[in-house]
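Below you'll find the structure, written out as structure tokens, and then a few comments.
Basis for what follows: all heavy atoms, side chains included, without hydrogens, waters or symmetry-related copies. Residue numbers begin at 1 in each chain, while the letters A, B, ... track the order of the sequences.
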There are 2 protein chains.
Amino acid sequence: MTPNPPKTSCLSCKLSDLCLPYGLQINEVETLEIIIKIKRPLQIDELLYSKDELCKSLYAVKSGSFRSFIMNSEGIEQTLGFYLPGELMGLDALFEGRFSSSVDALETSSVCELPLTRLNELCTEIPNLQYQLTRILSKEISANHEQMILLGQNSAKIKMATFLLMLSKRYSALGYSSNAFNLSMRRQDIGNYLGVSHETISRQLSVLIKENIITVNHRAIKILDLDLLKAIIEPCQTALSNDTH
Amino acid sequence: MTPNPPKTSCLSCKLSDLCLPYGLQINEVETLEIIIKIKRPLQIDELLYSKDELCKSLYAVKSGSFRSFIMNSEGIEQTLGFYLPGELMGLDALFEGRFSSSVDALETSSVCELPLTRLNELCTEIPNLQYQLTRILSKEISANHEQMILLGQNSAKIKMATFLLMLSKRYSALGYSSNAFNLSMRRQDIGNYLGVSHETISRQLSVLIKENIITVNHRAIKILDLDLLKAIIEPCQTALSNDTH
DNA sequence: CGTTGTTTTGACACTAGTCAATGGGTGTGG
DNA sequence: CCACACCCATTGACTAGTGTCAAAACAACG
């Protein structure tokens, strides 16, 4: 949206505490800043990268939101996760050097590009950076575990409630309201993220509306009663022990 | 089982190509070997570590097999994964310094213990080691993605077939037979790994027996027709693109 | 040899998927 | 500025696949 190339500065970026620079010295952040490349903003539905593509860079969300997914041979997509500002995308590519999932933009969004070869060089120079990268990788694993539990043994209602609470928590960590936010993804995306049909998502939202727990206006969600929402998933709190995606 | 402490030697270990030493120079492996601690073998159902426990070491499976799981507040366990020889356990703890899941032994099993502080020191000295650790972390993320797809949008029959093929592939990578192996886990463990009840596991195995695709003798599985088994999951091959857990 | 835990099988209920029709928004072009 | 088309979301009807409950068979253990 900004036609003139925005200046990259991790030091002035509000997200730096959630992102790769966390825990680095000021001079280390300055070194990191140098390798960051600017990409033009992506439009809705535009691909950041595709599965099996050679991975030359990792990407951090600067603004907007993204969705990672895999398409099976039937052409049906499975949403693996949603990425909000400050989060790192492409970590699943470090193993084979190729992305093992695709990522597209849910809205007009921008990223910071981190060229892999330069990032690796920097990691050997700055142990704190390597340490933070390892932590982020490990966090992603924990987050995936939470997601597997959610997918594995919970009803559609619990999945829906957990999803809303998860978003609420992540938005509030970003400094936004925790009880009013806009979904940037379609019902279909939520559905195959949670392992249910999009009709089930619609129905579960309708139930929550009737119970006066939330209001929904298209993509706009308001949580009226956080405690009631939490009560739905009460018997399985594990899924909330982390702010995940 | 061996009363006198077994000598640790990654160099002579058949698993080294699947484990942390992969890609290291001989002298680097020798350095790695020094930090490895020997633990006595674990008996069936014995805990290697528990969720929320302080993580002081990572563990590599030396022999036998393990199961990672989380117990929710209702006391119901969700199995997150199974670990076979050569695989690294505890990676989800690198983020917060505490294990985010528990691990127990499925049979009499042994591990190589890698004290974290010494491993971290070594990683700064041996870039290849850091690189391999990062690769393993990334592989775990990819594996989790495959598992999320399996949990998310597949029928019990596809889940069962995928599970058997996955084990077959992993055993064959270890040099064992790919069409005859023993399950070390209970039906219940398979069930909550795949997000279905243990009765459903029993029923699906029965169906496969009737179709002459496998034979089952308690924990002993024989795959009679690999192609038919693969045909069950044909429309969604993605779940097999990796040898995962 | 009895106890305990695991596995199998059956009967039934119910959640959620599928198919289909309708409604509402957004955007494009006349 | 309006009309049409397209996509997304909602709702209903019906059905199939699984979960739950219960009982019994079987193996493993002391």
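For the residue pair B:S102 / B:S50, no side-chain donor-acceptor distance below 3.5 Å is found, with atom types taken as modelled. A donor-acceptor contact under 3.5 angstrom links the side chains of B:N192 and B:T79, judged on distance only. For B:Q147 and B:Y193, the side-chain atoms include at least one donor-acceptor pair closer than 3.5 Å. Remark: the B:S63 side chain and the B:S110 side chain contain an N/O donor-acceptor pair separated by less than 3.5 Å. Donor-acceptor pairing under 3.5 Å is lacking for the side chains of B:S142 and A:D92.
When rounded to the nearest whole Å, the span between CG of A:D189 and P of D:dC7 equals 15 Å. Rounded to an integer number of Å, the gap from CG of A:N217 to C1' of D:dC8 is 14 Å. Look at CG on A:N182: it is 13 Å from P on D:dA9, rounded to the nearest Å. Look at CG on B:D45: it is 14 Å from C1' on D:dC29, rounded to the nearest Å. Rounded to an integer number of Å, the gap from B:N192 CG to D:dT18 C1' is 15 Å.
Between its two ends, the helix from C:dC1-D:dG30 to C:dG30-D:dC1 turns its axis by 40°, counting five pairs per end and rounding to 10 degrees.
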| note | Letter by letter from the 5' end, nucleotides 7-22 of chain C scores (B base, S sugar-phosphate only, - none; protein heavy atoms under 4.0 Å) SBBBB----SSBBB--
| task | Show your reasoning for whether salt bridge (Lys or Arg N to Asp or Glu O under 4.0 Å) applies to A:K139 and B:E96. | result | CA-CA 8 Å; A:K139 185 181 177 180; B:E96 302 216 87; over 6 Å; no
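Using cut-offs of 30° and 60° on the angle between ring planes, the pair A:F163 and A:F82 is perpendicular. Aromatic ring orientation, A:Y49 versus A:F99: parallel (interplanar angle below 30°, classes split at 30° and 60°).
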